[in-house]
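Worksheet: one structure, shown below.
The chain is numbered in sequence order, starting from 1. In what follows, every heavy atom counts, from backbone to side chain, and hydrogens, waters and symmetry copies are set aside.
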Amino acid sequence: MNEKLLGDILLEFNMVSEEQLAEAFATQKNSPDKGTLGQILMDLGYLKEHSLKKAIEQCQRRQRFIDVLLNYNFVSKDELDLAVDMSSSEKISLYKVLLNLDFLNFESLAKAISIYSGLPFIHLSGKLPNIKTGLAKSVISLNTAERKLVPVAFDGQKITIAMSRTLEANELLRIEDHLKYKVETVIAPEDEIVNTQNLYQAITTSEQASSTETTKRVHLQDSIQAIMAGDVDTPKNEKENAEIIESDSVLAKIVNKIIYDAWTKRASDIHIEPGEGKDDIIVRMRIDGCCEIYEQLPCKYKFSIPSRLKIMADLDISERRKPQDGKIAFKKYAPTDIELRMATMPTVGGMEDVVLRILANSEPVEFKNLGLTERNYREFTAAIHQPYGLILVVGPTGSGKTTTLHSAIATINTPKLKIWTAEDPVEITQKGLRQVQVNPRIGLTFAAALRSFLRLDPDVIMVGEMRDEETAAIAVESSLTGHLVFSTLHTNTAPETLTRLLDMGIDPFGFADSLLCILAQRLTRRLCDRCKEKYVPSENEWRELVAEYGEEDFAIQNIDREAVSMSRAKGCDHCNFSGYRGRLGIHELLTTSETLKTAIKTKSSTDDIRALAVGCGMTTLKQDGILKVMQGLTDISEVRRVCMK
């Protein structure tokens with residue numbers, strides 16, 4: 001047994017940690033009489049016997065596949081060593097590495113898998129076999145990102161399926177249960193399988209072309225209760241719950257309706273939360289930053305709704321033990337062009353929660369409509385027109401950082417400037433930008449993209465997020481060498497951002513010289529323009545607002561109380577009787593001065609930096625929010641909800 005390969009398998013399947021494996025190797029080296037690596041890990045209490053057996057089986061299979069690749073001259077020894085190292089370090093399958101490095105094409109990989117598995121290899125002719133479209137679609141719906149399936153023959157009792165990867169025995173049994181037929185498997189090149197799937201899709205599209213759009217719209221106009229009324233079968237037990245078919249028409253209509261309603265209600269996220277046992281499924285939507293219960297669905301859908309969404313996102317429906325993430329192009333299923341980002345999370349009781357984020361996929365907001373005050377607009381505009389330097393937009397997830405960055409870049413997006421962006425995901429697109437979707441699974445991280453950008457002669461670079469010291473250090477270095485760099489960070493305020501980056505290990509001298517400004521922001525709910533009620537604040541309310549703002553700072557604003565007319569939420573049909581519709585940005589802009597640069601270089605405290613910034617004219621987030629309360633755009637309860645001080 002190759003101990004090094006066994007160690008890689010143990011790490012790949014998260015059976016032990018790197019520290020535990022290193023300890024076992026050290027023990028084996030110092031005390032050879034202790035036995036094999038697996039025995040040492042069990043003696044140390046890091047590994048159970050059944051886990052070791054599973055790892056050994058995987059190791060033996062991996063070795064046999066490697067033997068096939070070498071013995072049949074599919075790859076050279078050097079190529080294989082490189083692919084195995086990359087597979088281990090990047091935690092991705094050896095199959096995918098061999099394809100990505102062009103060491104194998106789809107046909108040669110399929111032939112190697114055929115020899116290794118003992119399954120027949122076939123070429124697909126490009127013509128469709130005599131199989132009902134519905135049955136073919138049921139097979140194709142079982143696709144995952146790693147494995148493609150398509151039916152190639154059917155005799156009424158047995159169906160033959162061509163696949164790009166081999167199946168585990170339990171997976172094959174599950175497919176047979178799903179299809180209700182005996183299944184035989186063969187291996188075919190993945191590109192030929194995908195082409196055949198596309199032929200099935202084309203036939204389905206042509207058959208339904210005359211009625212699809214009308215049918216979809218009719219179902220989308222129905223209520224959830226009306227759709228469920230067509231589902232008369234009620235499962236009697238937990239097993240029947242799990243067997244509701246993921247492609248069932250009623251189920252598909254329910255899922256489509258949830259997504260469509262979220263889009264029409266301007267929701268940013270959909271939360272699907274199955275309960276334990278016979279508890280209902282709670283569906284919540286985040287609208288204008290606040291979660292609201294949308295619907296309670298019967299418990300019989302608690303397995304099938306996550307499975308249906310996994311199929312739509314091309315995820316593995318058989319995997320319920322670990323989180324997964326993917327994307328859904330909703331226009332495949334309804335006459336609405338919506339893109340969603342999906343994430344699953346296993347919860348207690350064997351359930352899975354699903355969260356869907358509705359991606360904007362829109363044009364950038366006009367810079368003048370961001371809601372910046374006169375001072376912030378002037379200073380931020382001056383910063384983004386500088387030839388080089390670092391500009392940061394900070395705040396929690398969902399605070400509009402990406403929207404602000406794209407709006408700023410849109411003002412300088414001209415043919416004279418070459419602009420590169422690295423984002424995760426790419427939500428807003430602009431003509432003239434060269435936009436890159438990062439993919440950590442293949443090593444394309446923010447840091448890797450940023451390093452590559454520097455070799456592409458850019459003028460402006462946007463990095464979606466500074467997640468680590470390496471990305472931050474490269475961004476600072478880039479801004480010091482003649483590039484204008486935009487990025488975001490998950491911090492609460494602008495002064496805190498400085499201390500956070502310094503704590504990460506950024507060189508304070510280079511950082512101080514490169515930084516142009518930091519814009520912290522939050523999103524509050526905007527009062528509904530159609531129903532908000534204007535009023536004059538009472539004496540107590542006015543004193544309270546001034547005290548929260550800070551009496552000395554408020555006096556500088558020179559605001560005439562008699563001219564202030566505030567507004568309160570009321571509620572109407574337009575805002576669904578909440579009193580709020582849309583969102584409003586509140587901002588805190590820290591610009592660098594010589595005094596502030598000195599404070600950065602000496603690593604001053606957050607409070608000292610905040611005092612210096614306020615002395616240079618910065619209004620805090622809460623102060624900016626209070627000014628917008630006095631303009632009747634939002635109310636103080638919303639400002640307090642998103643700001644602490």
(request) Would you mind reporting whether R583 and R526 have side-chain heavy atoms less than 4.5 Å apart? (result) no
(request) Sort and list the pairs that fulfil ring pair (Phe, Tyr, Trp, His ring centres under 6.0 Å) and have at least one residue in residues 378-422, not counting sequence neighbours. (result) F367-F380, W420-F453
(request) Give a yes/no verdict on a cation-pi contact between R467 and F446, requiring under 6.0 Å between NZ or CZ and the six-membered ring centre and an angle within 45° of the axis. (result) no
(request) Output yes when E539 and R561 qualify as a salt bridge under the 4.0 Å nitrogen-oxygen rule, no when they do not. (result) yes
(message) I'd like to check the salt bridge (charged side-chain N to carboxylate O under 4.0 Å, His left out) partners of E319; sequence neighbours left out, ordered by chain and number.
(response) R321
(request) State whether D635 and R568 are salt-bridged, where the test is any N-O pair (Lys NZ or Arg NE/NH1/NH2 against Asp/Glu carboxylate O) under 4.0 Å. (result) no
(message) Between D325 and R341, is there a side-chain heavy-atom distance shorter than 4.5 Å?
(response) no
(request) For the residue pair I282 and L297, establish whether any side-chain heavy-atom pair is separated by less than 4.5 Å. (result) no
(request) Please list, chain by chain and in numerical order, all residues satisfying side-chain hydrogen bond (donor to acceptor under 3.5 Å, both in side chains) with T606, sequence neighbours excluded. (result) T499
(message) Other residues, nucleotides and ligands only: do more than 12 of their heavy atoms fall within 6.0 Å of NZ on K570?
(response) no
(message) Checking side-chain polar atoms at under 3.5 Å, does Q521 have a donor or acceptor matched by the opposite partner on T404?
(response) yes
(message) My understanding is that only one of L433, N413, I419 makes a side chain to side chain contact (heavy atoms under 4.5 Å, CB included) with V460; could you say which?
(response) I419
(request) With sequence neighbours excluded, tell me which residues meet side-chain hydrogen bond (donor to acceptor under 3.5 Å, both in side chains) with E379. (result) none
(message) Going by the rule ring-ring contact (aromatic ring centres under 6.0 Å, His included), which residues pair with Y549 if we only count those two or more places apart in sequence or in a different chain?
(response) F554
(message) So R451 and I474, do their side chains get closer than 4.5 Å, heavy atoms only?
(response) yes
(message) Does any part of the side chain of V354, heavy atoms only, come nearer than 4.5 Å to the side chain of M342, both counted from C-beta?
(response) yes
(request) For a side chain to side chain contact (heavy atoms under 4.5 Å, CB included) with M566, tell me which candidate from L527, L545, V536 qualifies. (result) L545
(request) Ignoring hydrogens and angles, state whether a donor on the side chain of T373 or H587 is under 3.5 Å from an acceptor on the partner side chain. (result) no
(message) Hydrogens and angles aside, do D316 and Q324 bring a side-chain donor and acceptor to less than 3.5 Å of each other?
(response) no
(message) Just checking E470: does its CD atom have more than 12 heavy atoms from other residues, nucleotides or ligands closer to it than 6.0 angstrom?
(response) yes
(request) Find the distance between CZ (F486) and CD1 (I384) and round it off to the nearest 0.5 Å. (result) 6.0 Å
(message) Any heavy-atom pair between the side chains of L590 and I609 that's under 4.5 Å?
(response) yes
(message) Any salt bridge linking R500 with D503? Criterion: basic side-chain nitrogen under 4.0 Å from a carboxylate oxygen.
(response) no
(message) Using 0.5 Å steps for rounding, measure from the CG atom of D457 to the NZ atom of K418.
(response) 7.5 Å
(message) Distance check, rounded to the nearest 0.5 Å: F511 atom CZ versus D507 atom CG?
(response) 10.5 Å
(message) What I want to check is whether the side chains of S604 and T602 have a donor and an acceptor closer together than 3.5 Å.
(response) yes
(message) Quick one, E588 and T493 - any side-chain contact, counting heavy atoms below 4.5 Å?
(response) yes
(request) Applying salt bridge (charged side-chain N to carboxylate O under 4.0 Å, His left out), name anything that partners E273, two or more places apart in sequence or on another chain. (result) R284
(message) As an exercise, state the distance from CG of L596 to NZ of K601, rounded to the nearest 0.5 Å.
(response) 11.0 Å
(request) Please determine if E544 and R640 form a salt bridge, counting it only when a charged side-chain N lies under 4.0 Å from a carboxylate O. (result) yes
(message) Whether E339 and K331 form a salt bridge (side-chain N of Lys/Arg under 4.0 Å from carboxylate O of Asp/Glu) is what I want to check.
(response) no
(message) Please report the interatomic distance CE(M466) to NE2(H490), rounded to the nearest 0.5 Å.
(response) 13.5 Å
(request) Decide, yes or no, whether a salt bridge links R266 with D288 under the criterion of side-chain N to carboxylate O below 4.0 Å. (result) yes
